[in-house]
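Positions are given from 1 along the sequence.
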Amino acid sequence: MMPQPTGRLVRKDDGVYLVLDRMFKAPIEEVWAYFSRSPRLAEWLGEYKGTGSTGAVKFRMTADGEPAEWQDVSIMECTAPHRLHADVGPAGTSHRMFVHLTEASGHTAVTFGRRLRSVVGEADDGPRWDYYLDRLVAAHDRKPMPDWHSYGPVMREHYRTLCRELDRDLRSERLAAARSGITE
């Protein structure tokens with residue numbers, strides 16, 4: 001069965017976020033370890049070095065094959081095992097990301113969000129994050145990792161359509177505000 005796109009675009013005060021959810025039949029602390037412990041994080045996404053309690057660590061992606069360059073991570077908020085907000089990458093070009101975990105009835109819901117710097121220009125990040133989060137599910141469930149080729153080409157148009165539609169709505173809202181004399 002081919003994976004289906006699960007992301008949506010959410011408007012927040014500080015921009016537009018790509019938001020995706022995954023559900024685990026596991027306690028919250030177990031799932032949190034896949035975000036907060038480097039060996040667990042390395043099973044599905046990448047690795048980090050440093051001490052998160054200082055507010056800064058180094059991270060590099062490994063999920064795409066060859067390890068990428070180390071990037072600076074500024075931890076904005078960390079409330080274990082429920083919330084993690086961070087900026088990843090160099091100042092000025094970093095990506096704001098968040099992970100929220102909630103537990104109920106023996107299940108943990110993970111909501112992941114990544115702020116888009118450009119609604120249209122970053123549409124291709126949707127398939128990539130569906131793929132990464134499905135890698136998280138596979139790592140947790142001890143199942144084979146998904147194949148990237150089932151994601152990018154298949155899901156790309158879905159995310160591009162979402163971004164085009166939101167971009168059109170944002171342009172219409174700006175035009176309507178300009179016509180009525182409202183400034184941001």
Side-chain angles (χ1 to χ4, degrees), residues 3 5-10 12 14-24 26-102 108-119 121-148 151-152 155 159:
T6 63
R8 62 195 182 280
L9 299 179
V10 176
K12 295 179 160 276
D14 65 338
V16 175
Y17 283 76
L18 170 65
V19 177
L20 304 101
D21 300 296
R22 294 295 184 274
M23 184 68 72
F24 297 85
I28 195 168
E29 293 82 7
E30 180 179 308
V31 179
W32 177 256
Y34 284 87
F35 295 97
S36 62
R37 303 283 181 245
S38 191
R40 287 282 185 244
L41 186 65
E43 291 180 29
W44 67 279
L45 186 63
E47 59 188 339
Y48 75 86
K49 59 184 178 181
T51 306
S53 61
T54 66
V57 296
K58 296 275 190 184
F59 171 80
R60 72 174 170 184
M61 294 284 290
T62 58
D64 295 326
E66 292 296 314
E69 295 293 319
W70 288 100
Q71 298 182 58
D72 292 327
V73 177
S74 297
I75 298 170
M76 314 304 284
E77 176 185 353
C78 183
T79 309
H82 297 282
R83 298 170 66 88
L84 174 64
H85 291 231
D87 284 340
V88 180
T93 60
S94 64
H95 292 281
R96 170 93 17 114
M97 299 180 166
F98 70 81
V99 179
H100 294 172
L101 285 76
T102 55
T108 298
V110 172
T111 300
F112 169 86
R114 179 183 175 281
R115 186 172 62 194
L116 302 178
R117 285 179 279 181
S118 164
V119 173
E122 294 184 84
D124 290 348
D125 283 346
R128 188 169 23 252
W129 282 102
D130 264 312
Y131 169 69
Y132 294 148
L133 291 173
D134 284 351
R135 285 178 57 89
L136 167 61
V137 171
H140 176 269
D141 294 347
R142 302 288 184 238
K143 297 209 171 155
M145 287 294 154
D147 178 16
W148 164 248
Y151 289 79
M155 294 183 183
Y159 285 104

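No side-chain heavy atom of H95 sits less than 4.5 Å from a side-chain heavy atom of Q71. D21 places a side-chain heavy atom less than 4.5 Å from the side chain of R8. Between T6 and L133, every side-chain heavy-atom pair lies at or beyond the 4.5 Å cut-off. Contact annotation: the side chain of V73 never approaches that of Y48 to less than 4.5 Å [non-hydrogen atoms, C-beta and beyond]. Side-chain contact between H140 and W44 is absent, with no heavy atoms from C-beta onward closer than 4.5 Å. Residues P3 and D130 form no side-chain contact, since every pair of their non-hydrogen atoms from C-beta on lies 4.5 Å or further apart. The closest side-chain heavy-atom distance from V88 to R114 is not below 4.5 Å.
In this structure, E77 contributes its side chain and R83 its backbone to no donor-acceptor pair below 3.5 Å. Remark: the backbone N or O of A139 is paired with a side-chain donor or acceptor of R142 at under 3.5 angstrom.
Shown here are the ring pair (Phe, Tyr, Trp, His ring centres under 6.0 Å) partners of W148, two or more places apart in sequence or in another chain: Y131. In this view, E30 satisfies the salt bridge (Lys or Arg N to Asp or Glu O under 4.0 Å) rule with no residue, not counting sequence neighbours. Among residues two or more places apart in sequence or in another chain, the ring pair (Phe, Tyr, Trp, His ring centres under 6.0 Å) test is passed with W129 by F112, Y132. The ring pair (Phe, Tyr, Trp, His ring centres under 6.0 Å) check on H85 picks up F98, H100, with sequence neighbours excluded. Scanning for ring pair (Phe, Tyr, Trp, His ring centres under 6.0 Å) contacts around Y159 gives an empty result, with sequence neighbours left out.
Across all their heavy atoms, G152 and P127 have their closest contact at CA-CB, 3.9 Å. Contact between P81 and E29 at its shortest, heavy atoms only, is CG-OE2, 4.3 Å. Closest of all the heavy-atom pairs between G89 and S94 is O-CB, 3.6 Å. Taking every heavy atom of both residues into account, T62 and P67 meet most closely at CG2-CB, 4.1 Å. In this structure, D147 and Y151 approach most closely via the heavy-atom pair O-CD1, 3.3 Å. Between V110 and V31, the shortest heavy-atom distance links the atoms CG2-CG1, 3.6 Å.
Heavy atoms from other residues, nucleotides or ligands lying under 6.0 Å from CZ of R117 number more than 12.
Rounding to the nearest 0.5 Å places CG of L101 at 11.5 Å from OG1 of T79. Between the CZ atom in F35 and the CE atom in M97 there is a gap of 11.0 Å [rounded to 0.5 Å]. In this structure, the separation between CH2 on W70 and NZ on K58 is 9.5 Å, given to the nearest 0.5 Å. The structure places CD of E43 at 13.5 Å from CZ of R37, a figure rounded to the nearest 0.5 Å. The OG1 atom of T111 lies 8.5 Å from the CE atom of M23; values are rounded to the nearest 0.5 Å. Within the model, atoms CG of L45 and CG of L136 stand 9.0 Å from one another, a figure rounded to the nearest 0.5 Å.
For the salt bridge (charged side-chain N to carboxylate O under 4.0 Å, His left out) condition, the pairs that include at least one residue of residues 45-57, sequence neighbours left out, are E47-R60.
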Inset, instruction - Would you sort out whether W32 and L84 count as a side-chain contact (heavy atoms from CB on, under 4.5 Å), showing the intermediate values? - result: CA-CA 10 Å; W32 177 256; L84 174 64; 3.9 Å; yes
